[in-house]
Amino acid sequence: MKRVYVNEEWCLGCHLCEYNCAFANSGLENMVFALKDKKIFPRIHVEGEDRITFAVSCRHCEDPMCVKSCIAGAITKKDGVVKINRNKCVGCLTCVLVCPYGALAPGEDGIMQKCELCLENSCGAPACVTGCPNKAIVYEERSGDQ
Amino acid sequence: MKRYVIIGNGTAAAGIIEGIRNVDKEGRITVISGEDHHVYSRPLISYYLEGKTDLERMKYRPDDFYETNGCEVLFGKQAESIDKDGKTVKLCDGTVITYDKLAVATGSRPFVPQMDGLEKVKKKFGFMTLGDALELEKVLTKDANVLIVGAGLIGLKCAEGIYGRVGHITVCDLADRVLSSILDSDCAAIVEKHLESKGVSFILSDTAASFEEKRAYMRSGKTVDFDILVLAVGVRANTGLIGSIGGNVNRGIVVNEKMETSIPGIYAAGDCAEGYDSALGSNRVLAILPNAYMQGFTAGKNMAGSEAALTNAIPMNSIGFFGLHMMTAGVYEGEMTEEKSEEGVKRFFVKDGLLKGFMIIGSTERTGILTSLIREKTPLDTVDFGKVRTLVSNMIFTREMRRKKFGGIV
Ligand SMILES: Cc1cc2nc3c(=O)[nH]c(=O)nc-3n(C[C@H](O)[C@H](O)[C@H](O)COP(=O)(O)OP(=O)(O)OC[C@H]3O[C@@H](n4cnc5c(N)ncnc54)[C@H](O)[C@@H]3O)c2cc1C
Ligand code: SF4
Ligand code: SF4
């Protein structure tokens with residue numbers, strides 16, 4: 001299964017992936033209109049300090065704790081992709097309590113959102129990957145993946 | 001073809017069904033469902049009253065769940081007894097069902113202590129089932145005074161659920177603080193203050209001793225007038241079916257890591273079961289939804305002949321009231337360190353070089369990283385744990401650990 005991987009050494013910490021993610025999932029066509037002067041709620045987050053930075057997004061785990069723990073049955077895994085039905089989520093944050101990667105966070109409305117690999121928005125391929133200026137984020141299949 | 005029978009139709013049962021089907025696509029599954037509902041998310045009953053979800057969205061699994069998984073469900077039927085030698089289950093209506101493998105996923109029931117005059121109270125409710133919530137909903141009025149007995153998770157969630165639909169809410173508890181099973185005094189005080197700021201009143205270290213139709217006489221001598229009474233004192237695991245046939249029962253039905261009870265061919269999972277708590281290092285009932293699912297899934301796989309063990313279950317709760325979120329996990333043993341900020345408080349418990357537990361109120365970002373340290377028993381000298389004081393993030397791991405964790409290019 002193809003996943004989003006981050007090469008920490010190449011990450012510049014520029015946060016562009018966060019903006020590209022927020023824009024890709026905004027449903028809007030104009031980036032300025034979608035993001036300007038707004039607090040963004042991306043599904044990928046750059047962590048780190050000083051010279052170490054790296055972006056983190058959902059790993060689409062083999063055995064996802066979030067799916068097993070969601071109190072609303074709102075998270076499911078199908079064809080390798082872990083998705084949230086935002087219509088069912090009640091914002092209890094149990095999934096945040098159990099995700100070992102710290103990979104998901106609520107959106108502006110307090111309802112959970114997470115990386116769904118841009119398969120259903122207009123991008124069709126992860127926007128964080130396409131837009132990374134240093135190619136630190138890749139979307140690929142790796143041997144040894146479970 | 002194997003015949004599987006599941007008693008109960010909650011989250012644990014859903015886990016059992018999915019666990020069985022993970023291994024065996026053929027066998028016959030019969031579900032005995034005491035409640036006359038499609039499997040629903042029990043914790044959502046307060047969100048339902050609050051208007052944050054509805055009966056459709058509360059369904060824990062899609063409408064075609066039983067069909068897709070080839071299950072026959074007997075709705076509104078109680079299992080009355082088990083014949084462990086004949087391998088049958090008898091229902092309340094006399095029907096007898098044969099099994100090869102049986103799972104007990106009967107959950108828990110409210111515990112109501114002896115209180116004089118309780119029978120005189122007409123508008124009294126439990127808060128455990130969808131049925132309870134629907135009954136309670138019928139009597140909610142904008143000017144009603146509500147007394148909730150029990151300041152635990154269920155009582156406070158009920159308060160939040162009905163808050164916008166009633167006049168005034170009073171919550172009483174024998175404990176000296178709210179949420180006494182998951183919070184210490186200092187943390188509980190923050191939550192209590194927050195609820196009080198919304199207008200909820202508390203009477204703590206005190207409880208109702210006796211009742212008239214619309215009045216409670218407290219042990220302390222106080223009286224509380226109410227229109228609606230909600231009893232959320234505590235719960236007891238439904239262990240009777242196993243206890244009555246000589247199975248090993250403690251606070252819950254005792255199970256091993258494979259979810260086997262002491263009776264061959266019979267498994268148990270969820271709130272009715274007492275499994276291994278790896279933070280505590282011994283068995284206890286972990287009455288939380290994630291555990292019900294994981295125990296159920298483990299039981300199902302084993303019932304179908306696979307080998308599965310649940311070895312790293314721990315208590316963990318994420319819960320919010322009126323916008324204030326808190327997360328707790330593990331056990332509160334060892335040395336406590338505290339981090340206070342404007343956003344809230346974090347308390348970490350460290351023992352023998354391991355994170356054993358935490359209580360976090362307020363800033364809950366990426367807390368799952370901490371939960372995984374407890375579950376995986378990660379030695380703290382292999383990570384930069386000091387960093388979590390300011391920010392919980394993957395920076396606590398070494399580059400090498402991150403590489404492994406995230407599958408980075410080596
Ligand atoms: C108000 C409320 C809020 C909660 N909030 C949270 C939360 O935020 N997070 C969390 O993790 N957990 C929460 N919980 C706990 C969580 O709901 C339970 O841990 C979980 O539902 C347990 O699932 P279960 O399948 O073991 O039992 P249950 O969901 O109780 O299902 C057991 C079923 O078995 C049936 N049954 C019992 N005996 C028989 C019989 N003899 N024959 C046939 N059927 C029978 C019962 O009718 C019931 O439907 C909450 C619980 C409540 C009540
Ligand atoms: S949200 Fe976390 S637990 Fe769920 S699949 Fe993604 S990385 Fe795994
Ligand atoms: S926050 Fe939403 S998605 Fe996460 S566990 Fe709660 S209900 Fe499920």
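Labels below follow one simple rule: chain letters A, B, ... track the order of the sequence lines, proteins then strands, and each chain is numbered from 1.
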Quiz item: Any idea which of B:H325, B:M316, B:M294, B:K52 has the most non-hydrogen atom pairs under 4.5 angstrom with chain A?
Solution: B:H325
Exercise. Give a yes or no on whether the backbone of A:V46 and the side-chain of A:E18 come within a donor-acceptor separation of less than 3.5 Å.
Key: yes
Quiz item: For A:C89, is it the side chain, the backbone, both, or neither that has a heavy atom closer than 4.5 Å to a heavy atom of chain B?
Solution: neither
Quiz prompt | Aromatic ring pairing B:F348/B:F385, orientation class (parallel under 30°, perpendicular over 60°, tilted between) | solution = perpendicular
Quiz item: chain A heavy atoms under 4.5 Å from B:I319: which part of the residue, side chain, backbone, both or neither?
Solution: backbone
Practice problem: Name the member of B:R42, B:R375, B:E56, B:E376 that forms the most heavy-atom pairs with chain A at distances under 4.5 Å. | Solution: B:R375
Exercise. Could you tell me which of A:I52, A:V98, A:V56 has the largest number of non-hydrogen atom pairs under 4.5 Å with chain B?
Key: A:I52
Quiz item: A:G91, A:G73, A:P100, A:A74: which one forms the most heavy-atom pairs within less than 4.5 Å of chain B?
Solution: A:P100
Quiz prompt | Closest-packed option against chain B by number of heavy-atom pairs under 4.5 Å, given A:V90, A:N85, A:L104, A:V96 | solution = A:V90
Quiz item: Measuring heavy-atom distances to chain A, does B:F358 have an atom under 4.5 Å in its side chain, in its backbone, in both, or in neither?
Solution: side chain
Quiz prompt | Evaluation steps, salt bridge (charged side-chain N to carboxylate O under 4.0 Å, His left out), between A:E8 and A:R51 | solution = CA-CA 10 Å; A:E8 191 168 313; A:R51 272 161 305 166; over 6 Å; no
Quiz item: When you measure from the side chain of A:S69 to the backbone N and O of A:C66, does any donor-acceptor pair fall under 3.5 Å?
Solution: no
Quiz item: Salt-bridged, B:E18 to B:R21, with N to O below 4.0 Å?
Solution: no
Quiz item: Nearest 0.5 Å, what's the CZ-CD distance between B:F397 and A:E47?
Solution: 9.5 Å
Quiz prompt | Which atoms of B:Y47 approach chain A - backbone, side chain, both or neither, heavy atom under 4.5 Å | solution = side chain
Practice problem: Kindly write out the residues that satisfy side-chain hydrogen bond (donor to acceptor under 3.5 Å, both in side chains) with B:E343, not counting sequence neighbours, or none if the list is empty. | Solution: none
Quiz prompt | Region of B:T328 that comes under 4.5 Å of a non-hydrogen atom in chain A | solution = backbone
Exercise. Examine whether an atom of A:A72 lies under 4.5 Å from a heavy atom of chain B, and if so say whether it belongs to the side chain, the backbone or both; otherwise answer neither.
Key: both
Quiz item: Which region of B:S318, side chain (C-beta onward) or backbone (N, CA, C, O), has a non-hydrogen atom less than 4.5 Å from a non-hydrogen atom of chain A, or is it both or neither?
Solution: both
Practice problem: Check whether B:N291 gets within reach of chain A through its side chain, its backbone, both or neither, counting any heavy atom under 4.5 Å. | Solution: neither
Quiz item: Parallel, tilted or perpendicular for B:Y332 and B:F349, by the 30°/60° rule?
Solution: tilted
Practice problem: Please tell me if the side chains of B:Y293 and A:V67 come closer than 4.5 Å, counting only heavy atoms from C-beta onward. | Solution: no
Quiz item: Given that the side chain runs from C-beta out, which part of A:C99 has a heavy atom under 4.5 Å from chain B: side chain, backbone, both or neither?
Solution: backbone
